[in-house]
Amino acid sequence: MEATSKDTRGSFAAKKTPATPKGLLNIAVRAARAAGEIINRNFEDRDHITVQEKAKDDLVTNVDRECENAIKGVISRYYPEHGILAEESGSSKNTADSDYLWVIDPLDGTTNFCKGIPHIAVSIGVKIKGITSVGVVYDPIRNELFTATKGEGAILNNRKIRVSNIKGLDTGIFATAFPCRNREHLEHYQKILARVFSRCADIRRAGTASLDLAYVAAGRMDGYFELCLKPWDFCAGELLVREAGGVVTDFEGKPDYAKNGNIVAANPYAIQNLLREIKAAG
Ligand code: IPD
Ligand code: CA
Ligand code: CA
């Protein structure tokens, strides 16, 4: 497991870790746990948290940045030539030259974190030649590690997970998010919400997109829809859903969510019913 070895000076140095999906997953987990430790430490002892507003209703803290640096530090130690797209620092210089792109949300659920709501995650996805191949979503407070490798299924703490098997919406519990940073879409969103809510059992807005997707993968939620997501919000989570037997589309039922940021996720039956309501809202 350990990807380090002692060098001739007696210090620990990175051993060349192959960029296989297994090697990438190992390093992604290591990076996510490093960030998780930082989150847990600061969540308990809140005196050192400083908050800034990046944009209206869009917060960032020193802990988001510390986590991002820790994650990038682990990645560049093992894979210095890989590209990185991270929420707080943007794209690394070599993203165009590398076949590998690490897509990082160092602290997903910053508003929850700032309010002391224990529902937060670290999200790390790895794309190989543009195809998401590894995904890690780590909830450090519950110590729940969701992982997926393309073609190998999705796992929560060593146990395989599957999406739920509901077909209609009536018994379903769905995750969503209000478009608080994109209020120009509120009217459209309200129509969608009204249609879905009138046909399902209930709806949750928990505040951490990567966990919304991970919970769909684990069958805890029967589906999820949100507007205007960013790549780091969904990169790892969408692989979890697909590897757990689910489907991810945009609001038109197309695979264009990477372009428009509008995401719907559910099992292959429920997503048809969910999309019918979303499309009917106009
Ligand atoms: C946000 C959270 C939230 C979702 C937003 C995201 P952040 O991410 O995942 O649940 O509704 O769309 O931007 O800013 O906390 O990393
Ligand atoms: Ca996020
Ligand atoms: Ca974030």
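Both ligands and their constituent atoms are indexed starting at 1 by order of listing.
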**Student:** Using a strict cut-off of 4.0 Å, indicate which atoms of ligand 1 neighbour a heavy atom of Ala209.
**Tutor:**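 Atoms satisfying the 4.0 Å criterion: 2 (C), 9 (O), 10 (O).
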**Student:** Looking only at N, O or S atoms, which one in Asp108 sits nearest to the Ca ion (ligand 2)?
**Tutor:**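 Going through the N, O and S atoms of Asp108 one by one, OD1 ends up nearest to the Ca ion (ligand 2).
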**Student:** Please state whether Asn112 comes within less than 4.0 angstrom of ligand 1, counting heavy atoms only.
**Tutor:**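 For ligand 1, residue contact (heavy atoms, under 4.0 Å) with Asn112 is absent.
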**Student:** Between Asp105, Thr208, Asp64, Val60, flag the one that comes closest to atom 16 (O) of ligand 1 by a heavy atom.
**Tutor:**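 Ranked by closest heavy atom to atom 16 (O) of ligand 1, first place is Asp105.
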**Student:** Taking distance alone, with no angle check, do Ser210 and ligand 1 share an N/O pair under 3.5 Å?
**Tutor:**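 No; every N/O pair is 3.5 Å or more apart.
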**Student:** Taking 4.0 angstrom as the limit and counting only heavy atoms of Thr110, give me the atoms of ligand 1 inside it, by number and element.
**Tutor:**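 With Thr110 as reference, the close atoms of ligand 1 come out as 15 (O).
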**Student:** Answer yes or no for Asp105: is there an N/O/S atom below the 3.0 Å cut-off from the Ca ion (ligand 3)?
**Tutor:**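 Yes - counting backbone and side chain alike, Asp105 has an N, O or S atom under 3.0 Å.
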**Student:** Are any side-chain N or O atoms of Arg183 and backbone N or O atoms of Cys180, one a donor and one an acceptor, separated by less than 3.5 Å?
**Tutor:**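 Yes, the answer is positive, given that a donor and an acceptor are paired below the 3.5 Å cut-off.
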**Student:** Starting from the Ca ion (ligand 2), look over the N/O/S atoms of Asp233 and name the nearest one.
**Tutor:**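 This turns out to be OD1.
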**Student:** Classify the contact between Leu59 and ligand 1 as side chain, backbone, both or neither, using a heavy-atom distance cut-off of under 4.0 Å.
**Tutor:**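 It is neither part, as no heavy atom is under 4.0 Å.
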**Student:** Got the closest protein heavy atom to atom 11 (O) of ligand 1, with its distance?
**Tutor:**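 That would be Glu226 OE2, 2.6 Å.
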**Student:** Distance under 4.0 Å to a non-hydrogen atom of Arg205: what atoms of ligand 1 satisfy this?
**Tutor:**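 In order of number, 3 (C), 10 (O), 11 (O).
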**Student:** Could you tell me whether Tyr269 atom OH has more than 12 heavy atoms of other residues or ligands within 6.0 Å of it?
**Tutor:**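 Not more than 12 within 6.0 Å, no.
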**Student:** I need the atoms of ligand 1 closer than 4.0 Å to a non-hydrogen atom of Gly109, numbered in the order shown.
**Tutor:**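 Selected atoms, number and element: 7 (P), 15 (O), 16 (O).
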**Student:** Locate the shortest heavy-atom distance separating Glu87 from Lys54; write the atom from each residue and the value.
**Tutor:**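 Heavy-atom minimum between the residues: OE2-NZ, 3.1 Å.
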**Student:** Does Arg33 qualify as a cation-pi partner of Tyr138, given the criterion of NZ or CZ under 6.0 Å from the six-membered ring centre and within 45 degrees of its axis?
**Tutor:**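 Relative to the ring axis of Tyr138, which defines the angle, Arg33 lies inside both limits.
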**Student:** Quick one: which ligand 1 atoms are inside 4.0 Å of a heavy atom on Ala177?
**Tutor:**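 Going through ligand 1 atom by atom, the ones under 4.0 Å from Ala177 are 11 (O).
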**Student:** Is the cationic atom of Arg41 (NZ for Lys, CZ for Arg) positioned less than 6.0 Å from the six-membered ring centroid of Phe43 and within 45 degrees of its normal?
**Tutor:**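 That pair does not qualify as a cation-pi contact.
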**Student:** Would one find more than 12 heavy atoms of other residues, nucleotides or ligands at under 6.0 Å from atom CG of Asp45?
**Tutor:**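 Counting neighbours around CG of Asp45, more than 12 heavy atoms of other residues, nucleotides or ligands fall under 6.0 Å, so yes.
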**Student:** Please report the shortest heavy-atom distance between Ile71 and Pro106, naming the atom on each side.
**Tutor:**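 Looking at all heavy atoms of both residues, the shortest contact is CD1-CA, 3.8 Å.
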**Student:** Taking atom CD as the centre, does Glu53 end up with more than 12 heavy-atom neighbours from other residues, nucleotides or ligands that are less than 6.0 angstrom away?
**Tutor:**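 Atom CD in Glu53 is crowded, with more than 12 foreign heavy atoms closer than 6.0 Å.
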**Student:** For atom 13 (O) of ligand 1, what is the nearest protein heavy atom, given as residue, atom name and distance?
**Tutor:**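 For atom 13 (O) of ligand 1, the nearest protein heavy atom is Arg181 NH1, 2.8 Å.
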**Student:** Surrounding CD of Glu44 (heavy atoms of other residues, nucleotides or ligands, distance under 6.0 Å), is the total greater than 12?
**Tutor:**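 Open.
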**Student:** What I'd like to find out is whether the side chain of Thr249 reaches to under 4.5 Å of the side chain of Val247, using heavy atoms alone.
**Tutor:**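 Heavy-atom side-chain distance check passes, below 4.5 Å.
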**Student:** Under 6.0 Å between the ring centres of Phe178 and His185?
**Tutor:**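 Not close enough - the centres of the two rings lie 6.0 Å or further apart.
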**Student:** Using distance alone, determine whether Asp212 and ligand 1 share an N or O pair under 3.5 Å.
**Tutor:**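 No, since none of the N or O atoms of Asp212 sits under 3.5 Å from an N or O of ligand 1.
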**Student:** Please confirm if an N, O or S atom belonging to Glu87, backbone or side chain, lies less than 3.0 Å from the Ca ion (ligand 2).
**Tutor:**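 So Glu87 does not bind the Ca ion (ligand 2) by this criterion.
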**Student:** Any N/O/S atom of Leu107 sitting less than 3.0 Å from the Ca ion (ligand 3), backbone or side chain?
**Tutor:**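 Checking the Ca ion (ligand 3) against Leu107, an N, O or S atom does fall under 3.0 Å.
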**Student:** Any N or O of Leu229 that comes nearer than 3.5 Å to an N or O of ligand 1?
**Tutor:**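 It does not: no N or O of Leu229 is found under 3.5 Å from an N or O of ligand 1.
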**Student:** Give the atoms of ligand 1, by number and element, whose distance to some non-hydrogen atom of Leu107 is under 4.0 Å.
**Tutor:**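 Numbered from 1, ligand 1 contributes 16 (O).
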**Student:** Counting each atom of ligand 1 from 1 as listed, which ones have a heavy atom of Asp108 under 4.0 Å away?
**Tutor:**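 Close to Asp108: 1 (C), 2 (C), 7 (P), 8 (O), 9 (O), 15 (O), 16 (O).
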**Student:** List the atom of Gly172, the atom of Ile166, and the distance in Å for their closest heavy-atom pair.
**Tutor:**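 Heavy atoms of Gly172 and Ile166 come nearest at CA-CD1, 3.7 Å.
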**Student:** Report yes or no: is the cationic atom of Arg204 (NZ for Lys, CZ for Arg) under 6.0 Å from the centre of the six-membered ring of Tyr224, at an angle within 45° of the ring normal?
**Tutor:**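 Ring-cation test returns no.
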**Student:** Which residue and non-hydrogen atom of the protein lie closest to atom 3 (C) of ligand 1, and at what distance in Å?
**Tutor:**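 For atom 3 (C) of ligand 1, the nearest protein heavy atom is Gly207 O, 3.5 Å.
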